[in-house]
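Just so it is clear, the model here is predicted, and its values are computed rather than measured. Reminder, nothing fancy here: chain letters follow the sequence lines and each chain counts from 1.
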Number of protein chains: 2
Amino acid sequence: MARNRPYTCGLDAAIDVVGGKWKATVLWTLEDQGPLRFGELRRAIPAVTEKMLIQQLRELEADGLVHREIYHQVPPKVEYSLTDFGRTLEVALRPLGDWGHANMARIEATHP
Amino acid sequence: MARNRPYTCGLDAAIDVVGGKWKATVLWTLEDQGPLRFGELRRAIPAVTEKMLIQQLRELEADGLVHREIYHQVPPKVEYSLTDFGRTLEVALRPLGDWGHANMARIEATHP
DNA sequence: TCAGGTACTCACCAAGACGTCAGTACGGGA
DNA sequence: TCCCGTACTGACGTCTTGGTGAGTACCTGA
């Protein structure tokens, strides 16, 4: 994302955190379907590539929104889940998600 | 912005609309300070360049979020204001803005 | 022995978002 | 007469974002 600091308002900061192409989808999927393994997450979001998923997950983890639990097994198993902090974001994001859902037809129509 | 259609959830659509680098700031400024002339808006957001401001305003106008009122005067006068639709977005955006405001220190600290 | 599944990493590339800078038409004021 | 301020437009370049496709280590089961 195009970092824009220092932030002029809270919105800037929030969109900075959630503005990656797949971050909203990842957050929404993790909230909806609970802890998921990497492969499960990838299958839950078919359009994302492995590289992008990993990149977005790393950034969400760095921001403290997502927890990464490694199980030392073979084959490897890594589980991703929302942190408490991530859940507060999810709550703050919900009205925006509802707005987008309610106006999706309009948005798709007006976008080139 | 990186359009991501068809949208998988409302959040995608909403972030598509509001994800431009300056759009949140513009929306917030217009909501906060009422109808503003182009020059006033530019002075209210010092870091933005003219070209970017115009571009973002055009997109917000195309999305029906901002109204552009032209006064046929010399020197020219153009006033921008939120539409009713834009105001519904602003309402949906507020929890996210509050979240960003409340966690700004944390966000600034964890971002490289 | 060898393919398969796990969760990655890395090099390279294309598209587009963003920025810089110059230029436009118009009339008012010095 | 010339410069100023208004609200733009357009060419050009750069830098970030995201995508492609390859390769990695490990153990399991056939």
Side-chain angles (χ1 to χ4, degrees), chain A residues 1-5 7-8 12 15-27 29-30 35-63 66-81 111-112, chain B residues 1-8 12 15-26 29-30 35-63 66-81 111-112:
Chain A
M1 274 271 92
R3 308 283 174 201
N4 196 15
R5 299 160 52 197
Y7 301 122
T8 54
D12 277 346
I15 289 188
D16 212 356
V17 164
V18 89
K21 182 168 179 186
W22 301 102
K23 290 192 185 167
T25 311
V26 168
L27 249 22
T29 306
L30 284 180
L36 290 176
R37 300 181 58 168
F38 178 78
E40 295 172 328
L41 206 44
R42 194 162 57 83
R43 281 186 291 274
I45 313 173
V48 77
T49 62
E50 291 197 348
K51 180 202 149 193
M52 285 314 298
L53 222 207
I54 290 168
Q55 195 180 101
Q56 305 280 294
L57 283 168
R58 289 287 138 85
E59 291 181 26
L60 292 170
E61 192 195 357
D63 285 334
V66 159
H67 174 70
R68 180 161 173 264
E69 182 76 35
I70 305 162
Y71 297 84
H72 292 285
Q73 306 175 350
V74 168
K77 170 176 175 180
V78 180
E79 227 176 41
Y80 293 91
S81 54
H111 271 311
Chain B
M1 272 271 91
R3 310 279 173 205
N4 196 15
R5 299 161 53 199
Y7 300 122
T8 54
D12 278 345
I15 289 186
D16 214 355
V17 165
V18 89
K21 182 168 178 186
W22 301 101
K23 290 192 184 167
T25 312
V26 169
T29 305
L30 284 180
L36 290 177
R37 299 182 59 169
F38 178 78
E40 294 171 328
L41 205 43
R42 194 162 57 84
R43 282 187 290 274
I45 313 173
V48 78
T49 63
E50 292 196 349
K51 183 202 151 196
M52 283 315 297
L53 222 207
I54 291 167
Q55 195 180 99
Q56 306 280 295
L57 282 168
R58 289 288 137 87
E59 291 181 26
L60 291 170
E61 193 194 358
D63 284 335
V66 159
H67 174 71
R68 179 161 172 263
E69 183 76 34
I70 305 163
Y71 297 84
H72 292 285
Q73 308 175 349
V74 166
K77 169 175 175 181
V78 179
E79 227 176 41
Y80 293 91
S81 54
H111 271 310

>> Does the protein touch nucleotides 22-30 of chain D at the base, only the backbone, or not at all? Give it as B, S and - per nucleotide, heavy atoms under 4.0 Å.
In response: -----S---

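- The side chain of B:R68 places no N or O atom within less than 4.0 Å of a non-bridging phosphate oxygen (OP1 or OP2) of D:dA7.
- Atom CD of A:E40 and atom P of C:dC8 are 13 Å apart (whole Å).
- Distance A:E79 CD to C:dT6 P: 14 Å, rounded to the nearest Å.
- OP1 or OP2 of C:dG19 sits under 4.0 Å from a side-chain N or O of B:K21.
- A donor N or O paired with an acceptor N or O is found under 3.5 Å between the base of D:dG19 and the side-chain atoms of A:K51.
- The side chain of A:T49 lies closest to D:dG19 when the candidates are C:dC8, D:dG19, C:dC18.
- Nucleic acid contact for A:Y71: none, since no nucleic acid atom lies under 4.0 Å from a heavy atom of the residue.
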>> Assess the residue pair B:L60 and B:L30 against the criterion (side-chain contact (heavy atoms from CB on, under 4.5 Å)); give the C-alpha distance rounded to whole Å, side-chain angles, the decisive distance to 0.1 Å, and a yes or no.
In response: CA-CA 12 Å; B:L60 291 170; B:L30 284 180; 6.0 Å; no

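- In this structure, CG of B:D16 is placed 12 Å from P of D:dG18, rounded to the nearest angstrom.
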>> Applying side-chain contact (heavy atoms from CB on, under 4.5 Å) to A:M52 and A:Q55, what does each step give before you reach the verdict?
In response: CA-CA 5 Å; A:M52 285 314 298; A:Q55 195 180 101; 3.7 Å; yes

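- Rounded to an integer number of Å, the gap from CE of B:M52 to P of D:dT9 is 14 Å.
- Minimum interatomic distance between A:K23 and A:V18 (heavy atoms only, all atoms of both residues): CB-O, 4.0 Å.
- The residue B:R42 sits apart from the nucleic acid: no heavy atom pair falls under 4.0 Å.
- Computed from coordinates, the A:K77 NZ to C:dG5 P distance equals 18 Å when rounded to whole Å.
- The shortest distance between the side-chain N/O atoms of A:R37 and the OP1/OP2 oxygens of C:dT6 is not below 4.0 Å.
- In this structure, B:Q73 atom CD and D:dC8 atom P are separated by 13 Å, rounded to whole Å.
- Of the candidate nucleotides D:dT9, D:dT6, D:dG19, D:dT9 has the atom nearest to the side chain of B:R58.
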